[in-house]
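Both ligands and their constituent atoms are indexed starting at 1 by order of listing. Values below: every heavy atom of this structure, side chains too, minus hydrogens, waters and symmetry copies. Counting begins at 1 with the first residue of the sequence.
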Amino acid sequence: MFDGPKKDTEKTFYLETFGCQMNVHDSEKVVGTLVQEGYRQVATVEQADLVLYNTCSIRDKAEQKVFNRLADYKKYKKQGKTFGVLGCVAQQEGEKIFERAPYVSLVCGSASYRNLPNMLVQIQAGGQRVTGLDDRETDECFETEFTARTNPHRGYITIIEGCDKFCAYCVVPYTRGKERSRTSESVLAEARQMADLGYTEIQLLGQNVNSYKDPEGKPGPNRGAKKTFAELLAAVGEIPGIRRVRFTTSHPRDFGRDIVEAIDAVPTLCDHVHLPVQSGSTRVLNAMQRLYTREQYLERIAWMKAAKREISITTDVIVGFPCETEADFVATLDLLDEVGYDAVFAFKYSPRPNTPSLAMEDAIPDEEKARRLEVLMARQREIQTTRYKKYIGTTCEVMVEGRNEARGQWIGRTTHNKTLNFIATAAPKLGGYGSVRITGAFPNSLLGELVI
Ligand code: SAM
Ligand code: SF4
């Protein structure tokens, strides 16, 4: 829970977050902003004056879930609480939220978060229908020095907001607005500040980090030459005190060889790339408007496989996209074998509002989508079982992330982004690093013992 400088009136807020890492990090910035405005974060809805709900609309009937949750909140309105909906469902449903849930006072999409202080003033003044919905065309990013980070060792930095790719199935360009990057000097200043605070791992975030375009910054002594994404990555990795740098998500179309060269050159850049493929069939990739073919995707995989260090590769897959035939699906299964992923996040296609694929007939029945998902996950489980076993007998460095009391194990993470649970004779420091000899392997984790 985050507390800030106490002001004369104490206002409290409760924030619940759903969705991707970007939403989680947006919430860290929203919390920091509220604390700066004199609010105190509390652990339950009951304790709060202001109840905020940071929403996700990437799949399923997300908006329906939001309305159901808001219906649960209705009973609290009598107690004088104020409600706000933030994030992708807020942007997608807009003022309709006030019609369906009249006790909501604030509806704000992520592109408008930088105006939150002003919106909070309006709410304090009794505003009933305060909105932040008109900023999707902005060039501004949500930059704040008051991020309330929840992890003291690994910190997230958004380098690019929005998305201009318009994949046929995806709501993100409509909910998060147009693509806009932060200046490299601002990103590097934040990274240096985090290193000074003791953070050793930094994760650069964006829907599409490798389409990063360093904008013209303010002239001045800090303004260096503009940086490409790979140069920015390397510069973050070279900050004294930073031991690990990760980045997510990469789009295959914009994934350049220079990223692999940066990983080769800068030891702090982690040996892991998440490169969502979505489908192994060029025909389906075309229909998805993904802007690359299976062959072009495999070319990027070949660059990574030729790297000096072994790079762990993970991906996202959608099964049951409207035109996906059994042969297309088999092509995706074959791609899993060909690449040898270390993790696959697979989803059933779900039609989303405003997206081009909504106009295509969602012809594949849910049971068939479910079958394809199950077959794909079973195949991937076999692949991971084989891949993870090869680590037995080797030693890996981990960052210590936690403790599983029930199992008497410590929880660590390798540079490959694998969970490595281990035993140790003396308690290791949380957030510290150690070498672990691997003694066992499961499809989703490794087991070992601390050696140093
Ligand atoms: N920007 C990233 C990219 O290009 O891969 C990921 C964005 S999205 C938050 C994360 C994943 O959700 C996507 O990679 C995709 O697999 C999945 N996804 C997005 N829209 C979907 C939809 N309509 N149905 C099913 N899965 C979807
Ligand atoms: Fe969505 Fe495609 Fe943008 Fe990723 S690149 S956020 S899948 S539109």
Interfacing atoms of ligand 1 (cut-off 4.0 Å, heavy-atom, Q278):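 Near Q278, the atoms of ligand 1 are 5 (O), 13 (C), 14 (O), 15 (C), 16 (O).
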Per atom 17 (C) of ligand 1, closest listed option by heavy atom (R176, K369, H251, R59):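 Residue with the shortest heavy-atom distance to the ligand atom: R59.
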Heavy-atom proximity to atom 6 (C) of ligand 1, best of Q207, H274, M288, K165: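 The residue whose heavy atom sits nearest atom 6 (C) of ligand 1 is Q207.
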Using a 4.0 Å heavy-atom cut-off, say whether [X] meets ligand 1 through its side chain, its backbone, both or neither.
X    : value
I318 : side chain
F347 : side chain
R352 : side chain
P276 : side chain

Can you tell me if [X] and [Y] form a side-chain donor-acceptor pair at under 3.5 Å?
X    : Y    : result
S110 : E161 : no
R290 : Y169 : yes
N417 : R244 : no

Give the ring-plane orientation class for [X] versus [Y], where under 30° counts as parallel, over 60° as perpendicular and anything between as tilted.
X    : Y    : value
Y174 : F166 : perpendicular
Y388 : Y391 : perpendicular
F83  : Y73  : parallel

Atom indices of ligand 2 within 4.0 angstrom of R290 heavy atoms, with elements: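 Result: 2 (Fe), 7 (S).
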Nearest-contact summary for atom 7 (S) of ligand 2 - protein heavy atom, Å: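 Looking at atom 7 (S) of ligand 2, the protein heavy atom closest to it is Y169 OH, 3.4 Å.
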Top protein contact for atom 9 (C) of ligand 1, by heavy-atom distance: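 The closest one turns out to be I58 CD1, 3.7 Å.
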Metal environment of atom 3 (Fe) of ligand 2, protein N/O/S under 2.8 Å: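 Listed by chain and number: C163 SG.
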Minimal non-hydrogen separation, [X] against [Y], with atom names:
X    : Y    : answer
V277 : T315 : N-OG1, 2.8 Å
L133 : G109 : CD2-N, 4.2 Å
I97  : V89  : CD1-O, 4.0 Å

Does even one non-hydrogen atom of [X] get within less than 4.0 Å of ligand 1?
X    : value
K348 : yes
N208 : no
R290 : yes

Row check, F255 ring normal vs R300 NZ/CZ: under 6.0 Å, within 45°: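 Output no; distance or angle outside limits.
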Ligand 1 N/O within reach of Y349 N/O, cut-off under 3.5 Å: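 Between Y349 and ligand 1, no N or O pair is found under 3.5 Å apart.
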Among D342, T248, T314, the one residue meeting side-chain hydrogen bond (donor to acceptor under 3.5 Å, both in side chains) with H274: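 Checked D342, T248, T314 against H274; only one passes side-chain hydrogen bond (donor to acceptor under 3.5 Å, both in side chains): T314.
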R413 and E201: CA distance, side-chain angles, deciding distance, salt bridge (charged side-chain N to carboxylate O under 4.0 Å, His left out) verdict: CA-CA 11 Å; R413 185 163 301 275; E201 181 173 319; over 6 Å; no
Sole residue of R352, K96, R100 in salt bridge (charged side-chain N to carboxylate O under 4.0 Å, His left out) with E63: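 Single salt bridge (charged side-chain N to carboxylate O under 4.0 Å, His left out) partner of E63 among R352, K96, R100: R352.
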